[in-house]
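The structure appears below as structure tokens.
Just so you know, ligand 1 is whichever comes first in the structure, and atom 1 is the first atom listed for that ligand. Scope of the values below: all heavy atoms of this structure, side chains included, with no hydrogens, waters or symmetry mates. Because the structure is predicted, anything quoted here is derived from the model rather than measured. The chain is numbered in sequence order, starting from 1.
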Amino acid sequence: MERPPTRSPSVPLLLAIESSCDETAAAVIARDRRVLSNVVASQSDLHERFGGVVPEIASRAHVERILPVIDEALKQAGATLGDLSGIAVVNEPGLVGSLLVGLTAAKTLAMVLGLPLVAVNHLEAHLYACCLAEGRDVFPAVGLVVSGGHTNVYDCRSVVDYELLGTTIDDAAGEAFDKVAAILGLGYPGGPAIAAAAESGDPRAFRFPRTFLNNERPQFSFSGLKTAVLYEVRGTPGSHREDPPPLTPPRIADIAASFQAAVTDVLIGKCRQAIERLGHPRLCVGGGVAANRQLRFGLQQMADETGVDLLIAPPEYCTDNAAMAGLGWELLERGRTAPLDLDVTPGLVRRR
Ligand code: KG4
Ligand code: ZN
């Protein structure tokens, strides 16, 4: 049997809960920011055959899993409910039904145990994952969150002050990976499947669009890229390319590699622009797509060229997890607690 991590009995502990999309997650984080447990129950198997997350299925699965996941997080941390000093919960942005399950569990625990409740923004938590991994405050920094639902650039002024500078006007980068994987007949989630297929492909085989790359605004668009891949695979309607070549494994590899190169070029270019504009010494990157090896490699090259200090969340903190909601400690210590009538905010809100 695995032994729980050692901790002195008096160390204050935060229980963090995350259920914004299709992962049911809970973590226990000590006041010194050590992550004592980080439990994630993935629902990928439930959504796979639909090629994307089905909100109603996600909510129902969260209801079944939330209590066992919280129990397991406490068990792995060697803690009980009585050891907790606060409850942090991700209440924005995300799927409304999914968010509500985590929020209801968190509010109930806070009320019953008489503990402070802290509301955490999912995207800020993705950036905070870089602090957790480093074990120190790493801000100010430029922040990039690249996930299945979001592609956002931030001015991270401090650990509790994140300004959203720009976002995507259509698909998120991860969503594009998932949709292109479906077009190519690869698995779900699409990011790892595309990355694997791209290993043997030529990233210069197809010149796919790099939308907004030469536009100074912190803005993204990936739907044109997705359509370009669709036309490459199925043919361009009304043109001589109505009959495209068959989708052989080498062709899939070349398309995957070329698509991945287009996405990473744009993400890296936009980070470079933000670094030049804001003059921060550091770039922090989080979110599921940050697990992509080509992106990590390209960002490191850019960081070496610009002299910026690059921090990318480790893969286990890139995809959705509750440890990153350890951001709740920063809020709790500053007295920024939430009332028990806290609600979810499903959409992306600009705070400034
Ligand atoms: O952050 P995350 O777990 O959930 C959201 O908040 O959306 O991100 C999930 C996204 C999915 O679209 C998935 O395809 C993508 O991250 N992803 C990747 C990789 N691993 C996960 N995309 C590219 N390369 C990867 N290795
Ligand atoms: Zn996420």
Full working for side-chain contact (heavy atoms from CB on, under 4.5 Å) between Arg31 and Leu13: CA-CA 6 Å; Arg31 190 175 193 161; Leu13 304 178; over 6 Å; no
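- The single protein non-hydrogen atom nearest to atom 7 (O) of ligand 1 is Gly148 N, 2.8 Å, given as residue, atom name and distance.
- Distance check, rounded to the nearest 0.5 Å: CD of Glu18 to CG of Asp320 gives 5.0 Å.
- Between Ile29 and Leu36 the shortest side-chain heavy-atom distance does not fall below 4.5 Å.
- The distance from the CG atom of Leu283 to the SG atom of Cys130 is 8.5 Å, given to the nearest 0.5 Å.
- For ligand 1, none of its N or O atoms has an N or O atom of Gly287 under 3.5 Å away.
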Glu305 vs Arg272, salt bridge (charged side-chain N to carboxylate O under 4.0 Å, His left out): CA-CA, chis, key distance, verdict: CA-CA 10 Å; Glu305 278 165 34; Arg272 187 190 281 264; 2.7 Å; yes
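- Note that CG of Leu15 is 9.5 Å distant from CG of Leu115, once rounded to the nearest 0.5 Å.
- The nearest protein atom to atom 22 (N) of ligand 1, hydrogens excluded, is given as Gly191 CA, 3.2 Å; this is a heavy-atom distance.
- In this structure, the protein non-hydrogen atom closest to atom 24 (N) of ligand 1 is Asn292 ND2, 3.0 Å.
- The protein heavy-atom contact nearest to atom 12 (O) of ligand 1 is Asp178 OD2, 2.8 Å.
- Between Gly288 and ligand 1, at least one pair of N/O atoms sits closer than 3.5 Å.
- In the hydrophobic clustering of this structure, Val118 groups with Tyr162; members are Ile, Leu, Val, Met, Phe, Trp, Tyr whose side-chain heavy atoms approach within less than 4.5 Å, directly or through other members.
- Between the choices Asp320, Val289, Asn321, the shortest heavy-atom distance to atom 2 (P) of ligand 1 belongs to Asp320.
- In summary, of the residues considered (Glu124, His126, His122), a side chain to side chain contact (heavy atoms under 4.5 Å, CB included) with Val145 occurs for His126 alone.
- In the vicinity of Gly149, heavy-atom distances shorter than 4.0 Å reach the ligand 1 atoms 7 (O).
- Asp22 places no side-chain N or O within donor-acceptor distance of the main-chain N or O of Val53, the cut-off being under 3.5 Å.
- Considering backbone and side-chain N/O of Gly174, one or more are found under 3.5 Å from N/O of ligand 1.
- The six-membered or imidazole ring of Phe177 lies near that of Phe259, with a centre-to-centre distance under 6.0 Å.
- In terms of N/O distances under 3.5 Å, ligand 1 is not approached by Thr319.
- Each of the atoms 6 (O) of ligand 1 lies under 4.0 Å from some heavy atom of His122.
- Residue contacts with ligand 1: Gly190 is included, with a non-hydrogen atom under 4.0 Å away.
- At distances below 3.5 Å, at least one donor-acceptor pair connects side-chain atoms of Lys270 with backbone N or O atoms of Arg217.
- Close contacts of ligand 1 with Ser147, meaning ligand atoms under 4.0 Å from a residue heavy atom, involve 1 (O), 5 (C), 6 (O), 7 (O), 8 (O).
- By the 3.5 Å distance cut-off applied to N or O atoms, Glu23 is not counted among the residues near ligand 1.
- Of all atoms in ligand 1, numbered sequentially from 1 with element shown, those under 4.0 Å from a heavy atom of Cys318 are 1 (O).
- Set against the non-hydrogen atoms of His126, the atoms of ligand 1 under 4.0 Å away are 1 (O), 6 (O).
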Do Glu175 and Lys179 pass the salt bridge (charged side-chain N to carboxylate O under 4.0 Å, His left out) test, and can you show the C-alpha distance, the side-chain angles, and the key distance before you say yes or no? CA-CA 6 Å; Glu175 191 180 356; Lys179 287 178 176 166; 3.0 Å; yes
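- Of all heavy-atom pairs between Gly326 and Tyr128, the closest is C-CE2, 3.5 Å.
- Under the salt bridge (charged side-chain N to carboxylate O under 4.0 Å, His left out) criterion, the residue pairs touching residues 275-285 are Arg282-Asp309, with sequence neighbours excluded.
- Of all protein N/O/S atoms, those under 2.8 Å from the Zn ion (ligand 2) are His122 NE2, His126 NE2, Asp320 OD1, and waters are not counted.
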